[in-house]
Amino acid sequence: MITTTDITKSFGSLQVLKGINLSIGKGEVVSIVGPSGAGKTTLLQIIGTLDRPDTGSVCVDSVDVTTLSQKALADFRNRHLGFVFQFHQLLPEFTAIENVMIPAYIAGTSQKAAKNRAEELLQFMGLSDRAHHKPNELSGGEKQRVAVARALVNNPAVILADEPSGSLDSQNKQELHQLFFDLRDRFGQTFVIVTHDEQLASITDRTIHMRDGLLENPDSLENLETTKKRIQ
């Protein structure tokens, strides 16, 4: 599903990634952990096509995204990738269901199909009764679940999450963490999650440790077969 080969990335004289080789299988829920400055978010952004590596290649869903033009990359990102950030990044002037529908509109989906998909996801999230509320009328946990629904609306192959529970209280964290597994089991997505949350990392299928721009346990796929069996 995801393969990075010899990925390097520098910002000025600072080399942030120093040759990352990583494979993530379809349907895995993988956490990436490590101290601040380890390169976790930079790696996530490169996998998510939000940044380009200096050297190396990134294949996502059998496509080498490092070879795509900017236009093709934007289309690939919209259709194949979903993003969840620490802060929900919902547009305040739109309701929950409208926020969820926006990526579908960008992909050219009809209004009826986009609305039906958004309603399905909000129902799955337990938010049907909050669909027409704006973000300032939602709790922190509800906002983040709307953000997850938005990430899923185009049925992407991969969901990339950067500290998704970092702004939530303990109960909402646990509910969000369980939601990732429920979504994987229901829709089959692959999840790659950058986190400092030890509880979340402990329950993912595999934990990738990073330090100083390198992987401490490169290409450890010992849990992949178990994951495949679980989602079958």
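To the nearest 0.5 Å, atom CD1 of residue I97 and atom OG of residue S128 are 8.5 Å apart. Distance check: I46 CD1 to T4 OG1 gives 9.0 Å after rounding to the nearest 0.5 Å. From T41, atom OG1 reaches atom CG of L160 across 11.5 Å, with rounding to the nearest 0.5 Å. To the nearest 0.5 angstrom, L50 atom CG is 8.5 Å from L73 atom CG.
No hydrogens or angles considered: a donor-acceptor pair under 3.5 Å links the side chains of T95 and E98. Side-chain contact check for N155 and Q189: at least one donor-acceptor pair (N or O, by modelled atom type) lies under 3.5 Å.
The existence of a salt bridge linking D205 and R184 is confirmed by a sub-4.0 Å separation between a basic side-chain nitrogen and an acidic carboxylate oxygen. A salt bridge links R79 with D75: the distance from a Lys NZ or Arg NE/NH1/NH2 to an Asp or Glu carboxylate oxygen falls below 4.0 Å. Ion pair E163/K40 not flagged as a salt bridge, since none of the NZ, NE, NH1 or NH2 atoms sits closer than 4.0 Å to an Asp/Glu carboxylate oxygen. Contact check on E137 versus K134 returns no salt bridge, with no Lys/Arg side-chain nitrogen under 4.0 Å from an Asp/Glu carboxylate oxygen.
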Stepwise salt bridge (charged side-chain N to carboxylate O under 4.0 Å, His left out) check, K115 with E120: CA-CA 9 Å; K115 184 178 180 181; E120 175 194 13; over 6 Å; no

Stepwise side-chain hydrogen bond (donor to acceptor under 3.5 Å, both in side chains) test for D182 and Q178: CA-CA 6 Å; D182 293 343; Q178 183 57 50; 2.9 Å; yes

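In the hydrophobic clustering of ILVMFWY residues, with side-chain heavy atoms under 4.5 Å counting as a link, I106 and V100 come out apart. Residues L214 and V30 do not share a hydrophobic cluster, defined by chaining ILVMFWY side chains whose heavy atoms lie under 4.5 Å apart. With hydrophobic clusters built from ILVMFWY side chains whose heavy atoms lie under 4.5 angstrom apart, F76 shares a cluster with M1. Residues I193 and V33 do not share a hydrophobic cluster, clusters being chains of Ile/Leu/Val/Met/Phe/Trp/Tyr side chains in contact below 4.5 Å.
In terms of heavy-atom proximity, G48 sits nearest to F83 at O-CZ, 3.3 Å. P164 approaches L176 most closely through the heavy-atom pair O-CD2, 3.4 Å. In terms of heavy-atom proximity, P156 sits nearest to I159 at CG-CD1, 3.6 Å. Smallest separation of non-hydrogen atoms from A157 and D61: CB-OD2, 3.6 Å. Closest of all the heavy-atom pairs between L121 and V153 is CD1-CA, 3.6 Å. Pairing each heavy atom of P35 with each of M210, the nearest pair is CD-O, 3.5 Å.
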Give every donor-acceptor pair under 3.5 Å between a side-chain atom in residues 13-20 and any protein atom, sequence neighbours left out.
from: Q15; atom 1: NE2; to: L17; atom 2: O; distance (Å): 3.3
from: K18; atom 1: NZ; to: D212; atom 2: O; distance (Å): 3.2

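Of the possible polar contacts, one joining the N154 side chain to the P103 backbone as a donor-acceptor pair under 3.5 Å is found. Judged by distance alone, the side chain of T190 and the main-chain N or O of G27 form a donor-acceptor pair under 3.5 Å. Panel note: side chain N99, backbone F94; a donor-acceptor pair is recorded below 3.5 Å.
Judged by the 6.0 Å and 45° rule, R145 forms no cation-pi pair with F180.
Applying the side-chain hydrogen bond (donor to acceptor under 3.5 Å, both in side chains) test between S31 and each of D197, T195, T204 identifies T204 as the sole match.
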